[in-house]
Amino acid sequence: MSSPPVASAGWSRWLVPPAALSVHLSIGQAYAWSVFKPPLESALHLDGTQSALPFQLAIVMLGLSAAFGGTLVERNGPRWAMTVALVCFSSGFLISALGAQTEQYWLIVLGYGFVGGIGLGIGYISPVSTLMKWFPDRPGMATGIAIMGFGGGALIASPWSAQMLESFGTGPHGIALAFLVHGLSYAVFMTLGVLLIRVPRAPERPTGEAVAAVPTGIRVSARSAVRTPQFWCLWVVLCTNVTAGIGILEKAAPMITDFFADSSAPVSVSAAAGFVALLSAANMAGRIGWSSASDLIGRKNIYRVYLGVGALMYLLIALFGDTAKPLFVLCALVILSFYGGGFATIPAYLKDLFGTYEVGAIHGRLLTAWSTAGVLGPLIVNWIADRQEDAGKHGPALYGLSFAIMIGLLLVGFAANELVRPVHDRHHVPDPKEAADGRREQPA
């Protein structure tokens, strides 16, 4: 695949975020997986842990493909990466459709989880370094705009999926048709991003707009970055924040139903799907809102908010969540806004510490934290809920222990964020121009 065309003189940098959004809005469908959980459990006779497996594997493959493919993305450019994402993500749905139609669950796991997960990872990191080159003055806002799409994908996919299941039916055939429509539709939509993406002209800055002076001296390679304590502190920060958010998100629809099952006004199936869409909106808003705020107050300070206030929100749900639906919903929305904000802010945090030299590859390696969290979050919530249900418990009692674990994890992440310091000069790669100037200044 050839590299993407270089932007012509006068090309507006504001055309680049929509290209990234077309990919991220598509792959963000992953956050609507919980809508498919009840139909799959009923049609294929699965329990909650089993029905979470495609989603868990997709997140694992997201992190692994981002880690191993990050260098290829940097080398081949965003158009190549977006094309790979399109092929894998859409193919994953088509394989899953075959699995649902034939009632072969392993095909759904293979398609949505493995093949589609590769598309998630490559698609997720495809625009990151390009956006930060276009927006060196506002990296948090720039990555927030694009990554906002990943959080907002479920805002579209959740009601859309629910409507398709209602129209096609919740049996194997209906689920297969829903998967098929998803795969074909997203292929068309992601093609728009492939065609639109551009890279900035080197060595010029984006034209037509004043760009504030930003530090350019930090240059750390991906290989050196993973050997620094800063990288691993951020790995813990991202992993704990994601685990806490994904624990709610993956089981959102059945969770709110369980919390108010014994109330005078239980939550209906359509209302639960609406709750998933609300969480998607909070996830999306947090990605642009909190990441933009990080440009003003700093990355470390914004993560103090994500992790510290997030722990408080979990505590409120655990203690009082079943007393009032507005309180439960509000706390969950705040947690998901922090979850989304954490994803959108981490590329800018990496850029501050390691520079833009190989930030895409560094970001890809850091997303292994997401892979770990993709297993931990759903596993903690689903496994504990299943065990509690086997013990005869129901309602909020299914989630008390898992919420306590989430609070502990967030506090661990808070401590890791406090340990982040600037990267030592010994890890820096010399700037080629500075090195050349230095050689010219050497005495004969």
Enumerate donor-acceptor pairs with a distance under 3.5 Å from any side-chain N or O in residues 186-193 to protein atoms, sequence neighbours excluded.
| unit_1 | atom_1 | unit_2 | atom_2 | d |
| --- | --- | --- | --- | --- |
| Thr191 | OG1 | Ala187 | O | 2.7 |

Would you list the atom pairs, donor with acceptor, under 3.5 Å between side chains in residues 175-185 and any protein atom, with sequence neighbours excluded?
| unit_1 | atom_1 | unit_2 | atom_2 | d |
| --- | --- | --- | --- | --- |
| His182 | NE2 | Ser161 | OG | 2.9 |
| Ser185 | OG | Val181 | O | 2.8 |

N/O donor to acceptor pairs below 3.5 angstrom from side-chain atoms of residues 302-311, sequence neighbours left out:
| unit_1 | atom_1 | unit_2 | atom_2 | d |
| --- | --- | --- | --- | --- |
| Tyr303 | OH | Gly342 | O | 2.5 |
| Tyr303 | OH | Ile346 | N | 3.2 |
| Arg304 | NE | Glu418 | OE2 | 2.7 |
| Arg304 | NH1 | Asn301 | OD1 | 2.6 |
| Arg304 | NH2 | Glu418 | OE1 | 3.0 |
| Tyr306 | OH | Gly341 | O | 3.2 |
| Tyr306 | OH | Thr345 | OG1 | 2.8 |

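Judged purely by atom type and a 3.5 angstrom limit, Gln230 has no side-chain atom pairing as donor or acceptor with the backbone of Val420. The main-chain N or O of Leu196 is found under 3.5 Å from a side-chain atom of Arg198 such that the two form a donor-acceptor pair. Tyr105 places a side-chain N or O within 3.5 Å of a backbone atom of Gln50 that can act as its donor or acceptor partner. Here the side chain of Asn417 pairs a donor or acceptor atom with the backbone of Lys300 at under 3.5 angstrom. Although no hydrogens or angles enter the test, the distance criterion places no donor-acceptor pair under 3.5 Å between the side chain of Thr243 and the main chain of Leu376.
Looking at residues two or more places apart in sequence or on another chain, you find a side-chain contact (heavy atoms from CB on, under 4.5 Å) between Leu107 and Ile95, Leu98, Thr102, Gln104, Leu110. Applying the side-chain hydrogen bond (donor to acceptor under 3.5 Å, both in side chains) criterion to Glu166, with sequence neighbours excluded, gives no partner residue. Looking at residues two or more places apart in sequence or on another chain, you find a side-chain hydrogen bond (donor to acceptor under 3.5 Å, both in side chains) between Gln29 and Tyr112. By the side-chain hydrogen bond (donor to acceptor under 3.5 Å, both in side chains) test, Tyr314 pairs with no residue at all, sequence neighbours left out. Applying the side-chain hydrogen bond (donor to acceptor under 3.5 Å, both in side chains) rule to Thr228 yields no partners; only residues at least two apart in sequence or on another chain are considered.
Nearest heavy atom pair, residue Gly245 against residue Leu336, reads O-CD2, 4.1 Å.
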For this session: Could you go through the salt bridge (Lys or Arg N to Asp or Glu O under 4.0 Å) check for Arg219 and Asp425 one step at a time?
Result: CA-CA 10 Å; Arg219 288 165 54 88; Asp425 290 350; over 6 Å; no

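Between Tyr399 and Phe403, the ring planes are parallel. Angles under 30° get that label, and only those over 60° would be called perpendicular. By the 30° and 60° cut-offs, the orientation of the rings of Tyr124 relative to Trp370 is perpendicular.
Separation of atoms CG (Leu72) and CD1 (Ile125) is listed at 9.0 Å; rounding is to 0.5 Å. We find the CD1-CG distance between Ile122 and Leu86 to be 13.5 Å, quoted to the nearest 0.5 Å.
Side-chain contact check for Asn382 and Lys251: at least one donor-acceptor pair (N or O, by modelled atom type) lies under 3.5 Å. Checked by atom type, the side-chain pair Ser224/Ser221 shows a donor-acceptor distance below 3.5 Å.
Residue pairs meeting the side-chain hydrogen bond (donor to acceptor under 3.5 Å, both in side chains) criterion with at least one partner in residues 352-362, sequence neighbours excluded, are Arg299-Asp352. Within the structure, salt bridge (charged side-chain N to carboxylate O under 4.0 Å, His left out) contacts touching residues 272-286 (residues at least two apart or in different chains) do not occur. Residue pairs meeting the salt bridge (charged side-chain N to carboxylate O under 4.0 Å, His left out) criterion with at least one partner in residues 169-186, sequence neighbours excluded, are absent. Identified under the salt bridge (charged side-chain N to carboxylate O under 4.0 Å, His left out) test for residues 17-38, with sequence neighbours left out: Lys37-Glu41, Lys37-Glu250.
In this structure, Phe343 has its ring center at least 6.0 angstrom away from the ring center of Trp290.
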